[in-house]
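Since the structure is predicted, the reported quantities are computational estimates derived from the model, not experimental observations. Proteins get letters first, then strands, A, B, ... in listed order; numbering begins at 1 in each.
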Protein chains: 2
Amino acid sequence: MRRDIFQAIADPTRRAIITLIAIQAMTPNAIAENFNSTRQAISKHLRILTECEIVKQEQQGREIYYSLEVEKMKEIDKWLEQFRNIWETNFNQLDVLLANMKKQSKK
Amino acid sequence: MRRDIFQAIADPTRRAIITLIAIQAMTPNAIAENFNSTRQAISKHLRILTECEIVKQEQQGREIYYSLEVEKMKEIDKWLEQFRNIWETNFNQLDVLLANMKKQSKK
DNA sequence: TATATATGCAACTATTTGGTTTCGCAAATA
DNA sequence: TATTTGCGAAACCAAATAGTTGCATATATA
């Protein structure tokens with residue numbers, strides 16, 4: 001069972017949950033009200049998000065408040081980092097390769 | 001069949017492919033050499049990446065060079081944008097909520 | 001021309017996924 | 001105390017996924 005942050009954000013419902021609780025901590029019932037699927041389905045999503053440590057829980061009596069572990073989102077940012085300098089220098093790698101190949105073939 | 005960029009990067013093999021061809025355009029065979037799975041498996045991943053428009057092809061005789069569509073990676077960055085101000089202000093939403101609840105209960 | 005190479009595509013399979021219904025438990029409330 | 005409420009977990013199911021093997025096709029090359 002793969003359980004990483006990229007797997008976690010692959011599902012649109014989970015992305016929506018992340019966005020929801022980023023603003024304010026919420027209980028599973030409150031979260032589920034924003035979707036068409038059952039509370040149990042949302043509960044399963046929350047479990048996955050918890051296993052990935054994107055989400056943290058805080059028990060308040062019989063209610064559990066879920067909120068975003070913002071730090072974890074930085075991991076996505078960190079992975080993107082390697083592409084940032086590529087898209088900042090507006091540099092087409094394929095063009096370069098093909099240009100080189102044409103140069104080679106002329107030799 | 002979901003086919004968006006988040007689905008595309010969910011698979012670790014596909015993330016590795018993306019990283020590989022970000023540096024230099026490559027043919028399916030050359031890409032497959034870097035993995036344990038078969039060329040056909042890589043080919044399927046490339047199809048998914050192509051459908052998501054993360055990857056572009058350039059036919060060169062019987063070879064097909066795949067390279068990264070860097071612009072598409074910005075979409076992930078764009079989604080992350082909404083969390084950036086949260087993680088920049090070191091602000092714990094859950095703490096705030098719970099503090100408010102305690103204040104409420106004292107009234 | 002015959003053969004080797006590069007590639008995509010189809011069919012099949014095992015596993016994972018996202019959802020459901022049903023249940024049990026603990027906390028709140030009547 | 002009896003009932004309601006909030007929640008997670010288990011059992012089950014259909015669909016999607018990632019992989020395989022086995023083709024077909026087009027381009028190189030001997």
Side-chain angles (χ1 to χ4, degrees), chain A residues 1-18 20-21 24-67 94 97-98 101 104-105, chain B residues 1-18 20-21 24-67 94 97-98 101 104-105:
Chain A
M1 210 182 317
R2 243 184 298 130
R3 222 55 5 142
D4 61 36
I5 209 183
F6 295 99
Q7 181 66 17
I9 64 165
D11 184 83
T13 304
R14 282 198 291 269
R15 284 201 302 282
I17 292 174
I18 289 173
L20 257 179
I21 64 174
Q24 171 152 47
M26 290 174 84
T27 64
N29 266 324
I31 295 167
E33 276 169 19
N34 295 273
F35 300 94
N36 289 326
S37 44
T38 59
R39 177 192 61 79
Q40 283 86 345
I42 301 300
S43 197
K44 275 180 88 173
H45 283 306
L46 284 171
R47 185 155 64 120
I48 291 168
L49 292 171
T50 304
E51 282 171 10
C52 298
E53 298 175 307
I54 299 174
V55 144
K56 53 177 180 261
Q57 308 175 22
E58 186 86 11
Q59 188 105 27
Q60 280 287 310
R62 67 179 166 180
E63 295 183 326
I64 299 172
Y65 281 86
Y66 285 86
S67 66
L94 180 62
L97 177 84
L98 297 179
M101 285 173 64
Q104 287 286 321
S105 64
Chain B
M1 210 183 313
R2 244 182 299 129
R3 219 59 0 145
D4 61 36
I5 211 185
F6 295 100
Q7 180 66 17
I9 65 165
D11 184 83
T13 304
R14 282 198 290 271
R15 284 202 302 282
I17 293 174
I18 289 173
L20 259 181
I21 63 173
Q24 171 153 47
M26 289 174 85
T27 64
N29 266 324
I31 295 167
E33 276 168 21
N34 295 274
F35 300 94
N36 288 328
S37 45
T38 58
R39 179 191 59 78
Q40 282 87 343
I42 301 300
S43 198
K44 274 181 87 172
H45 283 305
L46 284 171
R47 187 156 62 120
I48 291 168
L49 292 171
T50 304
E51 282 170 10
C52 297
E53 299 174 306
I54 299 176
V55 143
K56 54 178 177 259
Q57 309 175 22
E58 187 86 10
Q59 188 106 25
Q60 280 286 309
R62 67 180 165 181
E63 294 182 325
I64 299 172
Y65 281 86
Y66 284 87
S67 66
L94 180 61
L97 176 84
L98 296 180
M101 285 173 62
Q104 287 287 322
S105 65

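Separation of atoms CD (E51(A)) and CD (E53(A)) is listed at 10.0 Å; rounding is to 0.5 Å. A distance of 10.0 Å separates OH of Y66(B) from CD1 of I17(B), quoted to the nearest 0.5 Å. Taking CD1 from I42(B) and CZ from R14(B), the interatomic distance works out to 10.5 Å, rounded to the nearest 0.5 Å. Taken from OG1 in T27(B) to CZ in R62(B), the straight-line distance is 11.0 Å, to the nearest 0.5 Å. In this structure, CG on L46(A) lies 4.5 Å from CD1 on I31(A), to the nearest 0.5 angstrom. Put simply, CD1 on I64(A) and CD on Q59(A) are 4.5 Å apart, with the number rounded to the nearest 0.5 Å.
When the P atom of dA6(C) is taken as reference, atom CD of Q57(B) falls 17 Å away, rounded to whole Å. Look at CZ on R14(A): it is 12 Å from C1' on dG19(C), rounded to the nearest Å. Atom-to-atom, CG of D11(B) to P of dA16(D) comes out at 18 Å; the value is rounded to the nearest Å. Note: CD (E51(B)) to C1' (dC9(C)) measures 12 Å, nearest angstrom. At whole-Å resolution of the value, CG in L49(B) and P in dG8(C) are 12 Å apart. Atom C1' of nucleotide dA6(C) and atom CZ of R47(B) are separated by 17 Å, given to the nearest angstrom. Here dA18(D) presents its C1' atom at 15 Å from CZ of R15(B), a figure rounded to the nearest Å. A straight line from CD of E33(A) to C1' of dT5(D) spans 13 Å, rounded to a whole angstrom.
At a non-hydrogen distance threshold of 4.0 Å, T38(B), Q40(B), A41(B), K44(B), H45(B) from residues 38-46 of chain B come into contact with DNA chain D.
Between Y66(B) and dG8(C) there is a side-chain N or O to OP1 or OP2 distance below 4.0 Å. Between Q7(B) and dT17(D) there is a side-chain N or O to OP1 or OP2 distance below 4.0 Å. Taking 4.0 angstrom as the limit, N29(A) places a side-chain polar atom (N or O) nearer than this to OP1 or OP2 of dC7(D).
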Base-contact (B) and sugar-phosphate-only (S) positions in nucleotides 25-30 of chain C, heavy-atom cut-off under 4.0 Å, - elsewhere: --BS--
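In summary, D11(B) and K44(B) do not engage in a salt bridge, as defined by a charged side-chain N under 4.0 Å from a carboxylate O.
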Check against side chain to side chain contact (heavy atoms under 4.5 Å, CB included), T50(A) and K56(A): CA-CA 6 Å; T50(A) 304; K56(A) 53 177 180 261; over 6 Å; no
CA sep, side-chain torsions, deciding dist, call: R15(B), D4(A), side chain to side chain contact (heavy atoms under 4.5 Å, CB included): CA-CA 13 Å; R15(B) 284 202 302 282; D4(A) 61 36; 3.6 Å; yes
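With DNA chain C read from its 5' end, the first of the two nearest nucleotides for A30(B) and I48(A) is the one closest to A30(B).
A rotation axis mapping the C1' atoms of four pairs onto the next four is fitted at both ends of the helix from dT1(C)-dA30(D) to dA30(C)-dT1(D) over five pairs, and the angle between these axes is 10° to 10 degrees.
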